Amino acid sequence: MTPLSVLVAPFVLLLLIGPGAASPFPPRNETARVARYVAHHCDWGALATLSSHSPVQGQPFANVFSVSDGPREAGSGVPYLYLTTMEISVQDLQVNPNASLTMSLAQTHFCKKEGFDPQSPLCAHIILSGSVQQLDGAESDAAKLALFSRHPEMESWPRDHNWFFAKLNITNIWVLDYFGGIKTVTPDEYYSAKP
């Protein structure tokens with residue numbers, strides 16, 4: 001390596017890596033890896049439920065939730081949530097547990113740094129659909145580690161709100177990361193991929 005390439009190499013790597021992210025964005029033709037990358041690098045998402053409340057009963061209702069699939073650089077791909085039945089969307093889930101979760105790299109520095117508008121397909125985002133399930137036992141412990149490591153404020157939230165850990169049981173995955181339309185990934189492909 002020439003002295004110049006030794007100096008330039010770290011900067012080239014930084015262009016490929018979003019600030020706060022320790023791994024480079026995967027090749028766009030590796031759709032399952034892109035989905036896992038987005039899921040791991042996003043700290044929140046918009047969870048859409050079917051409203052159980054008037055005057056919008058039966059209509060789509062989206063709400064922002066903090067999420068985590070695991071501590072930094074140790075993601076499982078499972079979107080974990082910390083919920084309370086006092087929350088309006090959680091009340092919807094008690095009636096119908098089906099939901100969709102959208103996460104976008106627009107919330108990271110990646111898209112801004114690259115000059116991608118949040119709606120641009122180049123600013124990768126994923127849509128996960130399935131059902132939300134309350135957790136207990138060992139998986140509840142895994143969810144606690146995943147969420148509290150990325151959202152430490154959660155530990156101090158009011159105990160009398162009866163918080164519980166949950167996950168989205170993923171049944172369908174859509175990825176939009178390039179022009180030409182949305183791509184699909186099976187849950188098996190998604191969980192088998194290395195982000």
Side-chain angles (χ1 to χ4, degrees), residues 1 4-49 59-81 89 98-132 146-147 149-151 167-195:
M1 273 186 140
L4 181 60
S5 63
V6 169
L7 290 173
V8 172
F11 294 107
V12 170
L13 183 60
L14 284 174
L15 289 175
L16 297 172
I17 300 174
S23 57
F25 188 79
R28 292 181 188 271
N29 65 337
E30 296 181 30
T31 309
R33 283 188 63 208
V34 170
R36 287 287 303 275
Y37 183 93
V38 173
H40 185 63
H41 287 86
C42 290
D43 287 328
W44 58 270
L47 186 76
T49 60
Q59 296 180 30
F61 190 84
N63 205 344
V64 171
F65 286 90
S66 297
V67 297
S68 175
D69 79 332
R72 292 270 177 220
E73 304 313 313
S76 65
V78 177
Y80 291 116
L81 305 142
S89 295
N98 295 316
S100 292
L101 177 66
T102 301
M103 293 180 279
S104 170
L105 289 183
Q107 67 178 269
T108 70
H109 296 291
F110 176 81
C111 297
K112 212 171 248 187
K113 178 178 60 77
E114 296 294 330
F116 300 148
D117 185 86
Q119 190 174 330
S120 168
L122 299 174
C123 184
H125 74 271
I126 60 174
I127 304 164
L128 310 174
S129 70
S131 61
V132 175
L147 286 157
S149 68
R150 304 265 295 264
H151 305 281
K167 70 176 180 180
L168 179 67
N169 284 317
I170 301 170
T171 56
N172 297 284
I173 302 160
W174 294 270
V175 179
L176 188 60
D177 69 339
Y178 202 72
F179 296 100
I182 204 154
K183 305 172 209 171
T184 59
V185 174
T186 68
D188 285 342
E189 292 167 334
Y190 173 80
Y191 287 116
S192 297
K194 295 286 181 200

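Predicted model only: the values in this text are computed from it and were never measured. Index from 1, following the sequence.
- No more than 12 heavy-atom neighbours from other residues, nucleotides or ligands sit within 6.0 angstrom of OH on Tyr178.
- Surrounding NZ of Lys112 are at most 12 heavy atoms belonging to other residues, nucleotides or ligands under 6.0 Å away.
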Stepwise side-chain contact (heavy atoms from CB on, under 4.5 Å) test for Tyr191 and Ile170: CA-CA 10 Å; Tyr191 287 116; Ile170 301 170; 3.4 Å; yes

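- Here the straight-line distance linking atom CG of Leu81 with atom CG of Leu147 works out to 7.0 Å at 0.5 Å rounding.
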Passes side-chain contact (heavy atoms from CB on, under 4.5 Å), Ser104 versus Val38? Steps please. CA-CA 7 Å; Ser104 170; Val38 173; 6.0 Å; no

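- Taking OG1 of Thr184 as the start and CD1 of Ile173 as the end, the distance is 9.0 Å to the nearest 0.5 Å.
- Using a 4.5 Å heavy-atom cutoff, the side chains of Ile182 and His125 are not in contact.
- Aromatic ring pairs are classed by plane angle as parallel below 30°, tilted from 30° to 60° and perpendicular above 60°; the pair Phe25 and Tyr37 is perpendicular.
- In this structure, the separation between NZ on Lys167 and CG on Leu101 is 14.5 Å, given to the nearest 0.5 Å.
- Taking both residues in full, the closest heavy atoms of Gln107 and Trp44 are given as NE2-O, 2.7 Å, listed atom of the first, atom of the second, then distance.
- Side-chain contact between Leu47 and Asn63: absent, with no pair of heavy atoms (C-beta onward) separated by less than 4.5 Å.
- Atom CD of Gln119 sits in a sparse spot, with 12 or fewer heavy atoms from other residues, nucleotides or ligands closer than 6.0 Å.
- A donor-acceptor pair is defined here as one N or O able to donate and one able to accept, closer than 3.5 Å; no such pair exists between the side chain of Thr49 and the backbone of Ala99.
- Proximity of Asp43 to Ser66: side-chain heavy atoms (C-beta onward) are nowhere separated by under 4.5 Å.
- Closest approach of Val175 to Ala35, counting heavy atoms only: CG2-CB, 3.7 Å.
- In this structure, the side chain of Tyr190 does not engage the main chain of Val185 through any donor-acceptor pair within 3.5 Å.
- Contact of the Cys123 side chain with the Glu114 side chain is not registered, since no non-hydrogen atoms from C-beta on lie closer than 4.5 Å.
- Looking only at distances, a side-chain donor or acceptor of His40 sits under 3.5 Å from a matching main-chain atom of Glu73.
- Atom OG of Ser100 sits about 8.5 Å away from atom CG of Leu128, to the nearest 0.5 Å.
- Within the model, atoms CG of Leu176 and CD1 of Ile127 stand 7.5 Å from one another, a figure rounded to the nearest 0.5 Å.
- Counting only distance, with no hydrogens or angles, the side chain of Arg28 and the backbone of Val34 share no donor-acceptor pair below 3.5 Å.
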Begin with the C-alpha distance, continue with both residues' side-chain angles, and end with the deciding distance and a verdict on side-chain contact (heavy atoms from CB on, under 4.5 Å) for Val67 and Met103. CA-CA 9 Å; Val67 297; Met103 293 180 279; 3.6 Å; yes

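- For the pair Pro79 and Asp69, the minimum side-chain heavy-atom distance is 4.5 Å or more.
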I'd like to know whether Arg36 forms a side-chain contact (heavy atoms from CB on, under 4.5 Å) with Ile126, so could you lay out the CA-CA distance, the side-chain angles of the two residues, the decisive distance to 0.1 Å, and finally the verdict. CA-CA 9 Å; Arg36 287 287 303 275; Ile126 60 174; over 6 Å; no

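- The line from CG of Asn169 to CG of Asn98 is 10.5 Å long, rounded to the nearest 0.5 Å.
- The side-chain heavy atoms of Glu189 and Thr31, taken from C-beta on, include no pair separated by under 4.5 Å.
- The main-chain N or O of Ala146 is found under 3.5 Å from a side-chain atom of Ser68 such that the two form a donor-acceptor pair.
- Across every non-hydrogen atom of Lys194 and Arg33, the tightest pair is O-NE, 2.8 Å.
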